[in-house]
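Since the model is a prediction, treat every value here as computed from it, not as a measurement.
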Amino acid sequence: MALFREFEAPPECPVFEPSWQDFSDPFGFIHRIREIAENTGICKIRPPQGWQPPFACDVRSFRFTPRIQRLNELEALTRVKLNFLDQIAKFWELQGCKLCFPHVERKLLDLYLLSKLVSAEGGFEVVCKEKRWSRISSRMGFPAGKGVGSLLRSHFERILYPYELFQTGVTLTVSLTPAAAVMTCVSCPVLFSRQRRVRLCVCVFVCVCPDDEGFLRKQKHMRAQAFAFKMRPRKEVLEVNYVSMTFIDLYMCMACGRGDEEDRLLLCDGCDDSYHIFCLIPPLQDVPKGDWRCPKCVAEECSKPREAFGFEQAVREYTLQSFGEMADHFKSDYFNMPVHMVPTELVEKEFWRLVSSIEEDVIVEYGADISSRDMGSGFPVRDGKRKLIGDEDEYASSGWNLNNMPVLEQSVLTHISGDISGMKVPWLYVGMCFSSFCWHIEDHWSYSINYLHWGEPKTWYGVPAHAAEQLESVMKKVAPELFDSQPDLLHQLVTLMNPNLLMEHGVPVYRTNQCAGEFIVTFPRAYHSGFNQGYNFAEAVNFCTADWLPIGTQCVAHYRRLQRYCVFSHEELVCKMAADPESLDVELAAAVVRELGDMIEEESRLRGVLCSEQEVFELVPDDERQCWKCKTTCFLSALTCSCSPQRLVCLHHAAELCSCAASNKCLRFRYEQDEFPAMLYGVKSRAQSYDTWAKRVTEALAADNKNLIELKVLLEDAEDRKYPENSLLRSLRDTVKEAETCSSVAQLLLSQKRERPESSAQKAGSKLTVEELKVFVEQLYRLPCVISQARHVRELLESVQDFHERAQAALADETPDSGKLQALLELGSGLELELPELPRLKQELQQARWLDEVRLTLMEPQRLTLELMKRQIDSGVGLPPHHAVEKAMAELQELLTLSEHWEERARACLQARPRHSLLTLESIVMEAKNIPAYLPNVLALRDALHKAKEWTAKVEAIQNGSNYAYLEQLEGLLMRGRSIPVRLEALPQVESQVASARAWRERTARTFLKKNSTYTLLQVLSPRVDIGVYGSSKSKRKRVKELLEKERGLELDALSDLEDSVEDTRDPAAVVAAFKARERQELEAIHSLRAANLAKMALVERIEEVKFCLCRKTASGFMLQCELCRDWFHGACVPLPKAGSQKKLVSGSKESKFLCPLCQRSRRPRLETILSLLVSLQKLPVRLPEGEALQCLTERAMGWQDRARQALATDELSTALAKLSVLSQRMVELAALISVPSSDPVAPRKQPRKTPLVPRSLEPPVLELSPAAKAQLEELMMEGDLLEVSLDETQHIWRILQATHPPSEDKFLQVMEVRYLKQLAKRLAKEEKERKRKEKAVAKAEFPKEGLEKKSRKILDIPSKYDWSGAEDSNDENAVCAAKNCQRPCKDKVDWVQCDGGCDEWFHQVCVGVTCEMAENEDYICLACSHKAGAAVTVGAETVVMSSPVCSGPSVPALPLTDPRESS
């Protein structure tokens, strides 16, 4: 008896992957694979990729109750063991003992195997006598040398030997065999979980009583001494009165017949018989605590037949979702990993380990045999319950839809009326891990097909039909006990057997894993079983084809022997098909003919009863026409008897009906005997029509002059009559297909030959070779029919052979000719064949074209670049070897090497540092001149030499010219010279000259230009052309240019044009003339501007419309008047004039005046500085426009200086100048006497005076000049202000003119002052009122009245016609401004100035119009002190202060208080 080993997987069954064409005919494909697949019993079919029917079940309404499966009860041998252990446990339990199974070598002892091995060795006595216990131990797998044999003997003797004696009936005999009493107590864990299993844990007492009465008494005494414990009577023990012997005789021991030893006399709880405890087999040493049965009752209980094994239904009802959750949870918990990660091999081994184990009891559930009629099929069906959408309609009509397969035209089951659940109506299966289906064959030995819709795989095992009886005999041999109680056990689908055990007994077993989307087909009488790897959903159904009919007949005979019920009547099925022969497939009709003939022959043989009556059996229910003996469903005939009208039998069991005479029996038949020939003839005619057709086909295929149309007619006839798919039909179909293919190919060849090659180009893989064309021509003339295109194809073959000869001649030429090769290629391509010469011709053509291209390239050196040579060499490398190609390649390579060498040399010369000389580069260029190739570096080097020569010539021409070159010319030459990669000898000299000129220009710019000036140096040095032009610098430049173009047209030859364009040579005299012309234009423009600006003063009434200043806005705020252009400027738009130097003149300080930014464009250096710049300019060998402009400016300034000196040297002007000096000296002395230092310690500290503003208090005019002299001075003053040079004469003339001016009585100033004061008074009154209101509110909210008394606050009230309220007090802000119209500035605007005229009053700088710089550098004398000092002289520029909308506070008029000075 083999022990369980690790499971070894059987070989795989075949797997088929049909094409879409094969898949279109399900039965045809199964018929083709039958010869292979029936050898393994099962096979797997993978549908073509893309065939995936949608799952059509309603998941929400799908509910089912599964079956419960205990795995170790499924396997036959394991169930036998469990039954055996049940019997052992029951045997001891009935005797009041609880049995525990012993362990040996830490393993549970297999009592069943031990019993079988001992029986196989001859029994307990023989094994003991011959000492075979070591052999028994070895066969059970225990290691040798550990005394396991003795232990096995002990356990057998204690537990199994009494049971074997009981089985032999020894315990029921009167005479008993003596034996020693033995007691053992063994502990064992609980092994069974099922309710009917008995949990055993007891002391087992085994003894045998002798038949000798004296020996018995002696033995009882010895037994009592040996075990040394007192017998305890139980409640059922008889209490015997030894006085009355009558009662003792009523309870006699059924074994020994005596009634003594009443304390050891037991009563049976089943039959009330009494036995001594020591008379039992085995004897009991003590009274049992539980119920006790005598040997007769034990035998009666143990002999009861066992309940037939079957699956229980679960209590819980599941949905697909709940069952899936349970199944996945079970599997993941069991294997301790996610379900999708468990290998199928591991699940398979674990399954067979569990079903073979009696210790582990695993329970699973299986939703099997669920009718699709109730729950709906997984395939789409046209049942009208719901509308099919998408591709569901296609799958609903598919032959592989399991709802369609049983009723296809070729299926036998189509002719069975009514739906047979499971056979014609698919069943559904919802599996979980380890749920299984046991070994079985299909009803009536039909085919079956199973489709796995989704889920984890299903593992299948199959045994071919030829080994079915072998499997049955092996199972009966291994587990005969099961078949003794259930002879039809294999038909119950409840028994498994390990495939390895079957294979050990020679049964062929095959396996496979069915994955989702795959079919499994089982063949007739092929046993199959399997289990599920996890949660899945499958669907299965049966089908029968024509080849099944004889197998079905055998199955019915087999069922008759087993007395098993049939699912349907086989005879009825055959007769029904014979009744409608035209609906049968020819192959099916032929099978029906054979089956019907056999049935008629057997029926005729069995019929012999005289009395008979006809009956339509198909109208009788199946259960009312079953044979009383064999359970077969009767159809053709049945036998009944008047003694038992309800009983009928088939003719095979006529003798089993009853013992009545034959005259009492009645034959009930479906058809008369004479109806059978007509029925058989109809089917035979249908089958024989095929024979006629086959004869015609055979003759047609044998002939060689048939028309293709005749063969097509025969093929169409076969398809219409649905003749079987046999070799003849396939041969005809192949012949027709071959002829049609040949005709199509011939037609295609001929049509392509007539077409243009470019319009009929095809892939080379689809073209015929010459050999194939030859074979094709032979095939055309070998066909059994005539093809009209055969002659033309032969002509095509002759053309190909001619092309072959010409191509060989062209390939033999010494030098490839591209024209000839091209013509041959066009000819070969037009043949539309795969010609072997074409590749060689293409190679030769490539070589010829390459050689032609090389020759053309070498003929045009200007196109032969290095890249072109490399490309040609690379393309030549890929060509097949040829001597002409190799020669051209060598020439190209040599030229490429030489060209690269000279290119590299030229590149090195171009990039050399230091650069090479002209002579060196000329030698390189001359050497590379003869290379027949395009060399860009050599050409670049040649171009550089040309440029270097031109540059050198230009430099020499400039140096040898009569005039120096302009800086712009040298800069252009320098830029071009630096870019030439040649060493130029004159380049350093040019660089030095340019650097010197640039340095001089920068020095001059620093001397003249202000910081961040918008003017260029040339503009500053040249006469102004922008007089009267205002706005931004960009717009101003644009307007200046427009003015110049308007005045001069397109001839921009003035000096200022040097900024934009410089001529190569310019005459110095022309430059001077242009400068003089500009001077005249400048004077005219300034005269016009001064007149226009002075005219604005008359527009007092419309002052709001007049525009002033750079910003071109109306007058507002503090404004200054320019001394040159006479326009007014806002103090915020122009820089204020700064004080002069500290140097004091004899006649007083150096006065200052205001010039606007448009009139004073530069720093205006002194003439001495300009002369030093001119000296430096004379040393430069370069002409600069700025230098020429500076020379003209210097000549102009010196000319003006001479005229000014001449005018000042006249008697009138020299006398006026002296008088002015005396008056200035007196004013200085008066100011010194009046000035008193301030003694107020809290007043703001004032810096010491640096330069007194003198004369301040003098009332002009102090000088009187003649009108002519005054006009001369004013003209000189205007011209001097136009000069961008500082001259002392301008200051002298300005002082004289200022002293001769009368007091300012300008109506324009008076109107502006009155207008401003009115606006200021109104706003100040409003602001003061608002300030008092806010102060009162703050004081009331934050400070109590007593706090106001403690707070000291200094407030000074100064009477004013504008009702001033005073200033705020906090440090500088607490002081009181003495100005009548104080603006009350705050925070960073509180800057003070103290009067130096004698009153020492303090004023806000903003209130009196004094800047911080003026307060620090000059003395300030208030208005009151000026009047006290005497006559006042108006000094400085006329100023006015106006309110500005952008200032935080108004300005107070201070006319005249400030004395602006010119900033240098």
Side-chain angles (χ1 to χ4, degrees), residues 745-777 792-865 867-896 932-934:
V745 172
Q747 185 65 32
L748 182 63
L749 284 174
L750 297 175
S751 62
Q752 290 176 350
K753 185 175 182 299
R754 288 192 296 269
E755 291 176 358
R756 293 173 60 86
E758 58 270 17
S759 62
S760 61
Q762 295 181 348
K763 296 182 179 178
S766 62
K767 295 181 180 180
L768 293 179
T769 63
V770 177
E771 295 298 325
E772 290 173 344
L773 181 60
K774 291 179 181 178
V775 174
F776 179 60
V777 172
H792 301 288
V793 175
R794 181 183 293 276
E795 293 175 357
L796 175 62
L797 178 60
E798 293 174 355
S799 301
V800 170
Q801 292 173 348
D802 179 64
F803 167 79
H804 174 71
E805 295 175 358
R806 293 176 57 189
Q808 292 297 330
L811 293 174
D813 292 342
E814 183 71 18
T815 302
D817 186 351
S818 59
K820 183 190 296 184
L821 294 173
Q822 180 66 33
L824 284 173
L825 272 176
E826 292 176 356
L827 177 61
S829 300
L831 295 176
E832 290 299 327
L833 294 174
E834 188 176 344
L835 303 173
E837 294 83 9
L838 287 180
R840 291 190 58 194
L841 289 174
K842 290 180 180 178
Q843 292 180 2
E844 292 276 345
L845 181 60
Q846 290 177 355
Q847 295 169 349
R849 287 177 175 174
W850 185 82
L851 290 172
D852 294 342
E853 183 179 357
V854 170
R855 283 194 293 269
L856 291 175
T857 304
L858 292 177
M859 292 172 63
E860 299 178 2
Q862 66 277 8
R863 292 180 53 248
L864 188 59
T865 63
E867 293 299 325
L868 179 59
M869 285 188 282
K870 290 179 181 179
R871 286 199 302 270
Q872 288 183 344
I873 291 174
D874 292 340
S875 60
V877 169
L879 295 176
H882 194 279
H883 63 90
V885 173
E886 293 174 356
K887 180 179 179 181
M889 285 278 290
E891 294 176 358
L892 271 179
Q893 187 63 47
E894 182 180 1
L895 180 60
L896 176 63
Y934 175 76

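For the pair V877/I873, a side-chain contact is recorded, criterion being any heavy-atom separation below 4.5 Å from C-beta on. Using a 4.5 Å cut-off on side-chain heavy atoms (C-beta onward), L879 and M889 make no contact.
L858 contributes atom CG, which lies 7.0 Å from atom CD of E891 (distance to the nearest 0.5 angstrom). Annotation: the span from S875 atom OG to Q846 atom CD amounts to 10.0 Å, rounded to 0.5 Å. Considering CZ of R871 and CG of L892, their distance stands at 12.5 Å, rounded to 0.5 Å. For the atom pair E894 CD and M869 CE, the distance stands at 11.5 Å (nearest 0.5 Å).
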